[in-house]
Novice: 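Mind looking over this structure? Questions follow.
Treat the numbers as computed from the prediction; the structure is a model and nothing was measured. Naming: A, B, ... by sequence-line order, numbering from 1 per chain.
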Amino acid sequence: MTEEKSLNFIEEIVEEDLGKGKYESILTRFPPEPNGYLHIGHAKSICLNFGLAQKYKGATNLRFDDTNPVTEDVEYVDSIKFDVKWLGFTWANELYSSDYFDELYNLAVKLIRKGLAYVDDSSPDKIAAEKGTPTEPGIENEFRNRSIEENLLLFEQMKNGKFKDGEKVLRAKIDMKAINMHMRDPIMYRIKHAHHHRTGDKWVIYPMYDFAHGQSDSIEHITHSICTLEFVPHRELYDWYIDNLEIFPSRQYEFARLNMTYTVMSKRRLLQLVNEGYVSGWDDPRMPTISAFRRKGYTPSSIRTFCDKIGVARRDNLIDISLLEFCIREELNAIAPRVMAVLHPVKLIIDNYDENETEELVSENLPNDPANTRTVSFSKELWIEKEDFMEVPVKKWFRLAPGAMVRLKSAYIIRCDSFIKDNDGNVTEIHATYIPESKSHHDTSGINVKGTIHWLSVKHATKAEIRLYERLFTVENPAMEEGDFKNFINPHSLEIIPGAFVEPQLQHAVEGEKFQFIRHGYFCVDRESKPGEMVFNRTVTLKDSFKK
RNA sequence: UGUCCCAUAGUAUAAAGGUAGUACGACAGAUUUUGAUUCUGUUUGUCGAGGUUCGAAUCCUCGUGGGACAACCA
């Protein structure tokens with residue numbers, strides 16, 4: 001059965017353009033500003049832009065929109081390139097808006113010559129005041145009707161550094177009474193005596209987004225310039241520049257940006273979390289950045305699958321984080337080797353087991369591949385999870401309790417005989433009897449138990465640090481709450497367990513290596529992990545249908 | 001109180017005037033040496049009112065609700 005997947009609205013546009021012969025092939029671009037790390041919302045855009053090109057045999061440029069030197073940095077350029085590659089995409093050309101500064105300057109001159117741009121000496125406040133409001137028209141000022149010659153001279157002097165920051169701007173001469181605010185003589189160039197990460201000190205004037213983005217698209221012959229909804233009002237300007245500059249007509253299409261529950265997606269807020277120390281950095285696994293998901297143990301394909309499932313449309317959305325979690329679980333379930341780890345250990349002593357004996361028991365690494373096995377050492381003293389024992393069990397309790405029987409995964413069925421508590425009432429030791437005939441794969445005991453728990457031999461287990469991550473916020477949409485979004489940070493978003501135990505062969509696991517810790521979830525080796533001081537991050541829990 | 005964009009189960013996303021479907025979630029059951037996985041089933045939807053039409057989620061009008069727009073940011 002070949003069920004045809006329906007097209008999203010951008011694919012429909014592309015197919016129509018291709019079908020009509022408007023283009024022979026498409027060219028898209030991914031245009032990040034190098035002033036922050038990429039997040040999952042960017043992944044949606046990356047998958048859309050690169051995915052479209054792949055699907056329709058076109059190409060995609062990676063273009064850094066680096067027209068504001070004061071906020072941009074090569075650190076971000078490098079991280080962005082790394083993340084795009086990691087997601088599995090290859091760009092046709094690595095480009096920078098700053099590559100076009102000369103060309104952009106000439107285009108600006110062209111507009112001045114056509115009488116469609118002028119130098120304005122007004123202060124920022126004055127310009128803002130004269131701009132009007134969405135409901136009131138703006139007004140024209142005294143600089144608007146300077147002669148072409150004067151504008152040409154002034155603009156050149158701006159370029160040559162004759163003026164200080166903010167003294168003058170170049171504006172397009174469109175319509176101060178336009179209903180669309182963006183058409184009220186938008187600023188094209190501003191003066192910034194700032195060092196640029198690529199052009200150095202060559203320029204002291206820099207183009208604004210609207211006089212750089214569309215022109216860069218046009219220079220590259222981008223056919224479909226895809227951006228998010230907040231640029232809808234810019235489209236009129238985008239087209240105006242193209243028409244009046246008489247350059248290649250790239251077309252802009254807008255889709256709804258990704259929002260996800262229990263996180264924030266704006267760079268501004270993400271930067272605050274980093275700068276104010278709420279997280280350890282851009283790749284803190286609680287962040288929604290690509291680098292954080294990577295560190296947390298997500299795979300590129302799980303993120304691509306997610307982006308495919310959420311679709312592309314024009315309505316505002318708030319995607320349930322559980323969909324992303326589903327995507328990574330689905331993938332890791334198939335490939336992550338199973339291993340046992342005890343996070344909150346309590347000692348279990350098998351009273352009828354010889355203290356000098358050790359058995360190497362066979363355990364499967366993947367449930368669907370019984371031939372793929374390892375051995376696990378079993379002995380008299382074991383670590384089990386504190387949570388797997390209840391002195392007074394709740395109803396439907398399948399695990400350990402006084403008198404109750406459970407199976408130790410890949411080992412024996414045991415019966416709990418007694419337990420010891422300390423002065424604070426904490427259970428410190430549990431005693432049990434094992435059933436020799438119930439050995440895994442050789443069970444002749446005829447006993448059926450409901451519960452299976454994991455364990456580790458005390459003298460064989462390796463100590464490790466395990467970091468458990470929960471959602472960073474306590475509310476679905478922190479950005480929409482009243483007041484500071486940081487008031488809704490989850491105080492329990494990170495739990496560090498320094499004294500967990502794992503199977504000994506995990507000492508040799510390398511950074512990024514992924515496992516399923518049975519009954520806990522998926523984990524991977526953190527980049528801070530060192531031999532002898534292993535650190536594991538929880539990628540995602542297993543689904544848990546048990547409710548107390 | 002201007003212009004623009006948008007409105008389909010809890011969340012997303014299909015149905016180009018002709019059976020409202022899919023995924024995730026939730027719930028229930030079966031299987032299970034992971035309370036996982038797998039399998040089965042259930043649940044819940046076209047914002048409202050008019051109109052056009054044999055027939056409207058789809059087209060039109062008017063409401064209602066949400067979002068965007070007044071950075072020398074992108």
Side-chain angles (χ1 to χ4, degrees), chain A residues 3 5-8 12 31-33 35 65-68 70-72 97 120 122-124 127-129 131-138 165-171 178-182 184 187-192 205-206 208-210 212-213 227-236 254 256 261 267-268 306 309-327 329-330 333-334 338 340 363-364 367-368 396-399 406-411 413 438 440-441 443 448-454 476 516-521 541-547:
Chain A
E3 201 147 321
K5 203 185 172 234
S6 55
L7 304 177
N8 65 50
E12 283 177 2
E33 183 188 13
N35 69 345
D65 231 330
D66 55 350
T67 58
N68 186 4
V70 298
T71 58
E72 296 156 7
S97 295
D120 192 335
S122 308
S123 67
I127 289 178
K131 200 150 202 170
T133 68
T135 52
E136 300 163 286
D165 287 10
E167 248 179 63
K168 286 182 165 47
V169 290
L170 181 72
R171 293 228 251 169
I179 285 164
N180 182 345
M181 298 283 292
H182 295 275
R184 321 242 262 227
I187 294 169
M188 294 165 60
Y189 269 90
R190 75 284 216 196
I191 300 169
K192 277 180 194 275
I205 57 172
Y206 293 93
M208 297 285 289
Y209 167 84
D210 288 304
H213 198 102
C227 60
T228 47
L229 248 25
E230 66 265 34
F231 292 100
V232 169
H234 294 248
R235 190 175 60 232
E236 190 179 353
E254 313 86 10
T261 54
K267 273 188 199 171
R268 196 192 96 238
F306 171 73
K309 283 181 188 293
I310 58 177
V312 177
R314 279 173 74 86
R315 55 189 105 116
D316 295 322
N317 58 78
L318 182 62
I319 307 279
D320 196 328
I321 184 100
S322 63
L323 181 60
L324 214 208
E325 294 177 342
F326 166 81
C327 292
R329 279 195 194 104
E330 182 183 47
N333 176 52
R338 272 52 170 176
M340 295 195 277
S363 191
E364 66 282 4
N368 297 331
K396 293 267 219 131
W397 179 254
F398 299 161
R399 287 115 93 165
V406 295
R407 171 168 296 279
L408 297 174
K409 173 73 181 172
S410 300
I413 292 174
S438 67
S440 238
H441 310 301
D443 188 349
N448 279 319
V449 292
K450 273 270 183 53
T452 298
I453 66 174
H454 60 278
E476 280 204 335
Q516 184 197 103
F517 290 177
I518 285 181
R519 301 210 302 133
H520 281 300
T541 61
L542 255 27
K543 276 183 72 176
D544 183 8
S545 61
F546 174 68
K547 296 171 207 70

Novice: Hey, what are the protein-to-nucleotides 63-66 of chain B N/O distances that come in under 3.5 Å?
Specialist:
none

Novice: What's the closest nucleotide to the A:Lys409 side chain, out of B:rU33, B:rG2, B:rG35?
Specialist: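 Nearest to the side-chain atoms of A:Lys409, counting from C-beta on, is B:rU33.
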Novice: Distance check, C1' atoms only: B:rA49 and B:rU64, in whole angstrom units.
Specialist: 10 Å
Novice: For the P atoms, the ones on B:rA12 and on B:rG18, what distance do you get once it is rounded to whole angstrom?
Specialist: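 To the nearest whole Å, 26 Å.
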Novice: Confirm from the modelled atom types if A:Arg519 and B:rG35 form a donor-acceptor pair under 3.5 Å, side chain to base only.
Specialist: no
Novice: Measuring only the P atom in each nucleotide, how far is B:rG66 from B:rU8? A whole number of Å is fine.
Specialist: 14 Å
Novice: If I take atom CG in residue A:Leu323 and atom P in nucleotide B:rA23, what distance separates them, rounded to the nearest angstrom?
Specialist: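 Rounded to whole Å, this separation is 12 Å.
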Novice: Given B:rA74, B:rG35, B:rC24, identify the nucleotide with an atom nearest to the side chain of A:Trp397.
Specialist: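 Given the options B:rA74, B:rG35, B:rC24, the side chain of A:Trp397 is closest to B:rG35.
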Novice: Separation of A:Arg399 atom CZ from B:rA36 atom C1', in whole Å?
Specialist: 13 Å
Novice: Would you kindly give the NE2-to-C1' distance between A:His520 and B:rU34, to the nearest whole Å?
Specialist: 10 Å
Novice: Side chain of A:Ile319: nearest nucleotide among B:rA12, B:rC72, B:rG25?
Specialist: B:rA12
Novice: Rounded to whole Å, how long is the line connecting atom NE2 of A:His213 with atom P of B:rA71?
Specialist: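 Atom-to-atom, A:His213 to B:rA71, this comes out as 21 Å.
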Novice: Measure from the side-chain heavy atoms of A:Asn68 and tell me the nearest of B:rU34, B:rC73, B:rU37.
Specialist: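 In terms of side-chain proximity for A:Asn68, the closest of B:rU34, B:rC73, B:rU37 is B:rC73.
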Novice: Using purine N1 to pyrimidine N3 plus N6-O4 or O6-N4 for Watson-Crick, or N1-O2 and O6-N3 for G-U wobble, both under 3.5 Å, which nucleotide pairs with B:rA14?
Specialist: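 Base-paired to nothing in any strand shown.
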Novice: Considering only side-chain heavy atoms of A:Ala128, which listed nucleotide, B:rA71, B:rU33, B:rC73, is closest?
Specialist: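 Taking heavy atoms from C-beta onward, the closest nucleotide is B:rA71.
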Novice: Sticking with atom P, work out how far B:rC4 lies from B:rG63, rounded to a whole angstrom.
Specialist: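 The answer is 13 Å between these two P atoms.
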Novice: Say you pick atom C1' in B:rU1 and the same atom in B:rA9; how far apart are they, in whole Å?
Specialist: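 Roughly 34 Å separates the two C1' atoms.
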Novice: Find the partner of B:rA7: check Watson-Crick (N1-N3 plus N6-O4 or O6-N4) and G-U wobble (N1-O2, O6-N3) distances, both under 3.5 Å, and reply none if neither fits.
Specialist: B:rU64
Novice: Can you classify the ring geometry of A:His234 versus A:Tyr209 as parallel (below 30°), tilted (30 to 60°) or perpendicular (above 60°)?
Specialist: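 Because their plane-to-plane angle is over 60°, the rings of A:His234 and A:Tyr209 count as perpendicular.
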Novice: If I take atom CG in residue A:Leu318 and atom P in nucleotide B:rG10, what distance separates them, rounded to the nearest angstrom?
Specialist: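 Answer to the nearest Å: 15 Å.
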Novice: Measure from NZ on A:Lys309 to P on B:rC24 and round the result to the nearest Å.
Specialist: 6 Å
Novice: In the structure shown, which nucleotide is the Watson-Crick or G-U wobble counterpart of B:rC39, with both distances under 3.5 Å?
Specialist: B:rG29
Novice: Give me the distance, rounded to whole Å, that separates B:rA57 from B:rA68 when you measure between the P atoms they each carry.
Specialist: 31 Å
Novice: Across all strands, who's sitting opposite B:rA70 as a Watson-Crick or G-U wobble pair, both distances under 3.5 Å?
Specialist: none
Novice: Considering only B:rC69, B:rA36, B:rU34, which nucleotide approaches the side chain of A:Pro134 most closely?
Specialist: B:rC69
Novice: Identify which nucleotide among B:rA7, B:rA36, B:rA74 has an atom closest to any side-chain atom of A:Leu542, counting heavy atoms from C-beta outward.
Specialist: B:rA36
Novice: Do A:Arg338 and A:Glu364 meet the salt-bridge criterion of a basic N to acidic O distance under 4.0 Å?
Specialist: no
Novice: Rounded to whole angstroms, how far apart are CD on A:Glu330 and P on B:rC39?
Specialist: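 Between P of B:rC39 and CD of A:Glu330: 10 Å.
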Novice: At under 4.0 Å between heavy atoms, what does A:Arg314 touch on the DNA or RNA strands: base, sugar-phosphate, or nothing?
Specialist: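 Sugar-phosphate only.
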Novice: Within this structure, what is the CG-to-P distance between A:Asp320 and B:rU22, rounded to whole angstrom?
Specialist: 20 Å
